Peer 1: 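One structure coming up, written as structure tokens, with questions to follow.
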2 protein chains.
Amino acid sequence: MSENIFYKLRDDIENGIVTGEFEPGERLDETQLAMRFGVSRTPIREALMQLSAIGLVEIRPRRGAVVVDPAPQRVYEMFEVMAELEGMAGALAARRHTEEDSAALLAAHEKCREAVLSEETDRYYYENEIFHRAIYTASHSGFLEEQCTTLHRRLRPYRRLQLRVRNRMKVSFREHGEIVEAILSGNTDGAREGLRSHVAVQGDRFGDLVANLSNRERRSGRLG
Amino acid sequence: MSENIFYKLRDDIENGIVTGEFEPGERLDETQLAMRFGVSRTPIREALMQLSAIGLVEIRPRRGAVVVDPAPQRVYEMFEVMAELEGMAGALAARRHTEEDSAALLAAHEKCREAVLSEETDRYYYENEIFHRAIYTASHSGFLEEQCTTLHRRLRPYRRLQLRVRNRMKVSFREHGEIVEAILSGNTDGAREGLRSHVAVQGDRFGDLVANLSNRERRSGRLG
DNA sequence: GTCAAGATTTTTGTATACAAGAGCCATGGT
DNA sequence: ACCATGGCTCTTGTATACAAAAATCTTGAC
């Protein structure tokens, strides 16, 4: 589909980052990547430039690109902003959703229910993404949808960690239910608040997040 | 300061876009830009890649880069999101501001007052930016500050147009006053709402915006 | 044995070369 | 006179070449 190689490369590398294949802090060697993807360094560099503009990698002059490794504080802030944007999307969705939006939202919600019943967190993780995307779409704000999608994508690895916390999947699904109801009934404030607290990392969840982050770091051998 | 040329190039080109030197819809010829900046095409391309990732230019395969020309609807949506994020920054600032934050905010506010009195919209435009940045800083959320700054920057040309509307400067400054008071008194909801409505393009302002946009397009000769 | 300074190697940053697609112009046919 | 087709040119996309800086290794001194 994409005529240009650097689009594919960007997506591939980005994917490698959000799936954890390239770990935070890891150095991304241009020559190595070039060999791996069977291209020259030029398109690789162009892809890395794009990722650096998005904030997924950091390019230090003459020292190459590394996968950014945000401090827990920063990750928390990202969730905080995400919560606000999702709340906004929910509020807009409550006002603007069409028949198709409702259908898509309910369908996604059902898929989530199945995932919960099957107790497969990976499956829930996947269906959850579709659920949230359905809300972005229902907001009927193209720009907001874009912003949400980008940030959602960037937070992927951390969300995956969050789901590991005991009972998080069930609690998440219950919250989904309330959100669906608020949106479908046109309750803008309910939808906003529901999504805000659903996404935000509040109370115990912050501790869980930090714990997961440092676990991961310890595993990857960069910390005592 | 910046070792690498493509950082400077990116900033220069971005600046050219937000100041209107490169007009929306304009094609950015790599060779031309390379000559103009006295470099080869390679770093130019890398700069354009970054701008494309940010959303300032669009790169169509084999057809080069053009300055994005968002539809009025899209610009409206951008202001809508900006309003929400600024509201959030205001709410956080109301809770978290330090002594220095207060001082910076008040200083920026005073500068705005001087600009209003001098009736120089360009000067107000400049001081206004500093005022808003002071709020981002006071939010003490690095990520939010980053997001706000980026979006604020992207909306620059449109804000400039908005200030041309009769009395907008005075009204804007009055709103600033209320925002300052809310933040300093720790009134989170007041700060949020004050900033939201200050930034949002509501009511008549939407019409003004659209009118300004189509004026500009007509002037640049791309519309009847 | 350890540390430091110099040399070597690796890797990034930029320029240039080349291939291929898009756009444009001209020529010819209807 | 107008449209279509073919070739020419211009521009982009990718590879490669080369320079300079960083990282690494080696050697020598203490």
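Source: prediction; values computed, not measured. Residue numbers start from 1 in every chain, and the chains themselves are labelled A, B, ... in the order their sequence lines are given, proteins ahead of strands.
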Peer 1: Where each residue is assigned the nucleotide of DNA chain D containing its nearest heavy atom, which of B:Asp29 and A:Phe6 is assigned the position nearer the 5′ end?
Peer 2: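 Result: B:Asp29.
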Peer 1: When the distance from CZ of A:Arg63 to C1' of D:dT24 is rounded to whole Å, what number comes out?
Peer 2: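 Rounded to the whole Å, the gap is 14 Å.
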Peer 1: Can A:Arg74 be said to sit on top of B:Phe143's aromatic six-ring, NZ or CZ under 6.0 Å from centre and within 45° of the ring axis?
Peer 2: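 The answer is no; the distance or angle limit is not met.
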Peer 1: Please identify each residue that fulfils salt bridge (Lys or Arg N to Asp or Glu O under 4.0 Å) with A:Arg205, with sequence neighbours left out.
Peer 2: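 Once residues adjacent in sequence are excluded, A:Arg205 has no partner under the salt bridge (Lys or Arg N to Asp or Glu O under 4.0 Å) criterion.
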Peer 1: Output the single nucleotide from D:dG13, D:dT14, D:dA22 whose closest atom is nearest the side chain of A:Ile5.
Peer 2: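 Of D:dG13, D:dT14, D:dA22, D:dT14 is nearest to the side chain of A:Ile5.
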Peer 1: What's the CZ-P distance between B:Arg60 and D:dG13, to the nearest Å?
Peer 2: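 About 11 Å, once rounded to whole Å.
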Peer 1: Do A:Glu23 and A:Val67 have side chains that get closer than 4.5 Å, going by heavy atoms?
Peer 2: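 A:Glu23 vs A:Val67: side chains apart.
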Peer 1: Could you tell me whether the phosphate oxygens of D:dA23, OP1 or OP2, come under 4.0 Å of any side-chain nitrogen or oxygen in A:Arg27?
Peer 2: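 It does not, given that no N or O in the side chain of A:Arg27 lies less than 4.0 Å from OP1 or OP2 of D:dA23.
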Peer 1: Listed by chain and number, what are the side-chain hydrogen bond (donor to acceptor under 3.5 Å, both in side chains) partners of A:Arg159, not counting sequence neighbours?
Peer 2: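 Per chain and number, A:Arg159 pairs via side-chain hydrogen bond (donor to acceptor under 3.5 Å, both in side chains) with A:His152.
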Peer 1: Take the protein atom NZ of A:Lys8 and the nucleotide atom P of D:dT14, then report the distance between them rounded to whole Å.
Peer 2: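 Computing the A:Lys8:NZ to D:dT14:P distance gives 12 Å.
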Peer 1: Distance check needed: D:dT12 C1' versus A:Tyr7 OH, whole Å only.
Peer 2: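 Checked: the OH to C1' distance equals 12 Å.
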Peer 1: Choosing from D:dT12, C:dT11, D:dA23, which nucleotide comes nearest the side chain of B:Arg62?
Peer 2: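 The answer is D:dT12, which lies nearest to the side chain.
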Peer 1: Among residues two or more places apart or on two chains, list those pairs meeting side-chain hydrogen bond (donor to acceptor under 3.5 Å, both in side chains) that have a residue in residues 86-95 of chain A.
Peer 2: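 Output for this query lists A:Glu86-A:His132, A:Glu86-A:Tyr136.
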Peer 1: Starting from P on D:dT11, measure out to CG on B:Leu33 and report it in whole angstrom.
Peer 2: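 That distance rounds to 12 Å.
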Peer 1: Could you check how far CE of B:Met49 sits from P of D:dT14, rounded to whole Å?
Peer 2: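 Atom-to-atom, B:Met49 to D:dT14, this comes out as 8 Å.
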Peer 1: From CG of A:Leu9 over to C1' of D:dG13, roughly how many Å is that when rounded to an integer?
Peer 2: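 Nearest whole value for this atom pair: 12 Å.
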Peer 1: Starting at CD1 of B:Ile59 and ending at P of D:dT11, how long is that distance when rounded to a whole Å?
Peer 2: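 Interatomic distance, CD1 of B:Ile59 to P of D:dT11: 17 Å.
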Peer 1: Any side-chain hydrogen bond (donor to acceptor under 3.5 Å, both in side chains) involving residues 12-22 of chain A? Give me the pairs, sequence neighbours left out, ordered by first then second residue.
Peer 2: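 Residue pairs with at least one partner in residues 12-22 of chain A: A:Lys8-A:Asp12, A:Glu14-A:Arg153, A:Glu21-A:Arg36.
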Peer 1: Which of residues 37-47 of chain A sit near DNA chain C, with a heavy atom under 4.0 Å from it?
Peer 2: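 The stretch gives A:Arg41, A:Arg45 as the residues lying under 4.0 Å from the strand, ordered by number.
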Peer 1: Tell me, please, which residues at least two apart from B:Ser172 pass side-chain hydrogen bond (donor to acceptor under 3.5 Å, both in side chains).
Peer 2: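 side-chain hydrogen bond (donor to acceptor under 3.5 Å, both in side chains) list for B:Ser172, sorted by chain: B:Tyr124.
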